[in-house]
2 protein chains.
Amino acid sequence: MPAVGDCIKMLDSETKAVETPEDHAEELRLWLRLLTCTTLIEGEVRGRLRQRFDVTLPRFDLMAQLDKAPDGMTLSDVSKRMMVSNGNVTGLVERLVESGHLDRRTSETDRRVQVIRLTKLGRAEFRRMASEHETWIADLFADLTPKDVRELMRLLAKTKASAQKSAVRRKP
Amino acid sequence: MPAVGDCIKMLDSETKAVETPEDHAEELRLWLRLLTCTTLIEGEVRGRLRQRFDVTLPRFDLMAQLDKAPDGMTLSDVSKRMMVSNGNVTGLVERLVESGHLDRRTSETDRRVQVIRLTKLGRAEFRRMASEHETWIADLFADLTPKDVRELMRLLAKTKASAQKSAVRRKP
DNA sequence: GGAAAACATTTTATGCTTAAAACAATTTTG
DNA sequence: CAAAATTGTTTTAAGCATAAAATGTTTTCC
């Protein structure tokens with residue numbers, strides 16, 4: 001049963017409504033749990049990728065983006081999709097070109113733009129990894145019913161929209 | 001309406017059931033959405049901490065752990081709680097001791113163990129940051145109803161348990 | 001009691017990540 | 001058309017992060 005103080009707004013000396021220090025403990029706990037789940041799964045995937053394929057998670061993620069874009073992507077596109085900084089992508093791409101997984105060329109129509117693609121080798125290796133990766137994910141989520149999955153998808157979509165709105169409010 | 005092939009098990013030449021390559025696309029999409037939500041919120045919190053308090057997220061997280069433990073924690077405890085590597089904590093603590101936010105001493109009873117605590121300065125600064133941080137989180141989750149929050153908490157708890165079980169299956 | 005196992009932490013080597021500044025090419029606009 | 005703004009990428013400097021090996025300490029268990 002909540003205490004009285006939890007539900008009323010304080011009145012100041014001039015009898016105008018004043019914000020009580022609101023209780024946001026529930027949202028905070030939700031955020032920590034969300035973070036815990038992600039960290040747990042991410043760490044597991046990272047370790048398995050390293051053990052099975054000697055590849056890092058960021059490299060895998062970048063290849064995953066390119067696998068969906070047969071005609072290649074620009075570095076900016078990749079950066080936005082992966083939600084990481086531009087400089088980060090520059091370095092990742094450098095190493096993946098070096099190892100022969102990526103092909104990189106300057107755009108014909110805009111000399112600022114770099115277009116990157118998976119090489120044959122890169123695509124083949126990615127497909128091999130992705131297939132196993134999918135089974136890991138399925139296993140990690142194995143205890144969720146199809147209904148749980150649907151419900152989580154819905155609530156996370158709502159969460160994403162809420163967070164995006166809030167982010168935009170700060171920097172318009 | 002699902003195609004026939006989605007629901008049947010293939011039969012091999014000797015009429016024994018054979019695993020179809022199962023479709024785990026839903027779980028994969030769920031994982032990506034989970035990751036997106038976390039990355040989005042994490043990036044937002046990171047940026048605000050930097051702008052408002054010139055502090056990094058890992059430093060804040062470490063201080064948050066210590067704020068809950070007035071008698072201090074060992075590096076191992078912190079490492080487990082934060083779900084990061086031991087070496088990582090060593091470096092973080094070094095910098096926070098340097099800046100006067102943490103106090104570190106060798107345990108009286110076990111000379112292997114380092115016990116760290118927030119200093120007065122560290123605690124004061126953390127409290128100031130934490131209070132604002134809580135409002136950011138509330139704002140980021142603002143569009144979720146209390147019921148949404150409860151439901152997400154429940155489903156994420158189930159997800160965490162499932163993932164932990166799967167992780168243990170691999171390395172017992 | 002002493003060798004072996006377990007534990008807590010640090011070190012090492014490498015790679016990831018960011019924010020901000022710098023650079024270069026294109027587009028906008030007065 | 002040229003100055004200014006914008007866009008795409010790279011560089012820089014600092015910090016974060018990991019896995020694996022190394023170091024010192026305590027327990028375990030013959």
Side-chain angles (χ1 to χ4, degrees), chain A residues 35 38-40 42-63 72-99 101-102 104-116 171, chain B residues 35 38-40 42-63 72-99 101-102 104-116 171:
Chain A
L35 188 56
T38 301
T39 306
L40 185 60
E42 198 171 336
E44 198 58 27
V45 170
R46 183 196 311 284
R48 295 186 195 193
L49 280 174
R50 191 184 44 72
Q51 283 205 348
R52 284 280 295 130
F53 302 110
D54 193 33
V55 78
T56 66
L57 183 52
R59 273 164 155 95
F60 178 80
D61 286 343
L62 177 37
M63 289 198 266
M73 297 174 80
T74 70
L75 295 202
S76 286
D77 287 346
V78 172
S79 165
K80 266 170 224 141
R81 285 299 196 97
M82 293 181 71
M83 299 197 283
V84 299
S85 65
N86 284 340
N88 189 356
V89 173
T90 297
L92 268 173
V93 167
E94 237 160 43
R95 288 181 286 269
L96 280 166
V97 168
E98 169 70 23
S99 63
H101 294 85
L102 257 57
R104 158 215 237 148
R105 60 187 61 171
T106 303
S107 161
E108 306 269 320
T109 61
D110 185 338
R111 292 214 303 273
R112 288 171 303 184
V113 174
Q114 302 285 318
V115 178
I116 55 175
K171 29 178 171 173
Chain B
L35 188 55
T38 301
T39 306
L40 185 61
E42 198 171 339
E44 198 58 27
V45 170
R46 183 196 312 283
R48 295 185 196 195
L49 279 174
R50 191 184 43 72
Q51 282 205 348
R52 285 281 294 132
F53 302 111
D54 194 33
V55 76
T56 66
L57 184 50
R59 273 164 156 93
F60 178 81
D61 286 343
L62 177 36
M63 289 197 265
M73 296 174 80
T74 70
L75 294 204
S76 286
D77 287 346
V78 172
S79 166
K80 266 171 224 139
R81 285 301 195 95
M82 293 182 70
M83 299 197 282
V84 300
S85 67
N86 285 340
N88 189 357
V89 174
T90 298
L92 266 174
V93 168
E94 235 159 44
R95 287 182 286 269
L96 280 165
V97 168
E98 169 70 22
S99 63
H101 293 86
L102 258 57
R104 158 214 236 147
R105 61 187 59 170
T106 303
S107 160
E108 305 270 320
T109 60
D110 185 338
R111 292 214 303 273
R112 289 171 301 183
V113 174
Q114 301 286 318
V115 178
I116 54 176
K171 28 177 172 177

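Numbers restart at 1 for each chain; the letters A, B, ... are given by sequence-line order, proteins then strands.
Between the CG atom of A:L92 and the C1' atom of C:dT18 there is a distance of 13 Å, rounded to whole Å.
In the set D:dT18, D:dA19, C:dT9, C:dT9 carries the atom at the smallest distance from any side-chain atom of B:L75. In this structure, of C:dT18, D:dA17, C:dT9, it is C:dT18 that holds the atom nearest to the side chain of B:R46. Residue A:R112 places its side chain closer to D:dT6 than to any other of C:dT10, C:dA20, D:dT6. In this structure, the nucleotide among C:dT18, C:dT26, C:dA8 sitting nearest to the side chain of B:V113 is C:dA8.
Residue A:G91 is the one, among B:N88 and A:G91, whose nearest nucleotide of DNA chain D lies closer to the 5' end (criterion: closest heavy atom). The nearest heavy atom of DNA chain D to A:E94 and to B:V84 marks one nucleotide each, and the one closer to the 5' end goes with A:E94.
Remark: the backbone N or O of A:V115 is not paired with any side-chain donor or acceptor of A:T74 at under 3.5 angstrom.
A:S107 and A:Q114 are not linked by any side-chain donor-acceptor pair at a separation below 3.5 angstrom, with hydrogens and angles left out of the test.
Residue A:T90 is classed as a base contact, given a heavy-atom separation below 4.0 Å to a base. At the heavy-atom level, B:S79 lies nowhere under 4.0 Å from the strands shown. Residue-level contact check: B:D110 touches the backbone only, with heavy atoms under 4.0 Å from sugar-phosphate atoms and none from bases.
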Legend entry - Residue pair B:R59, B:H101: steps toward the side chain to side chain contact (heavy atoms under 4.5 Å, CB included) verdict: CA-CA 10 Å; B:R59 273 164 156 93; B:H101 293 86; over 6 Å; no

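Close to D:dA14, at under 4.0 Å from its OP1 or OP2, lies no side-chain N or O of B:R95.
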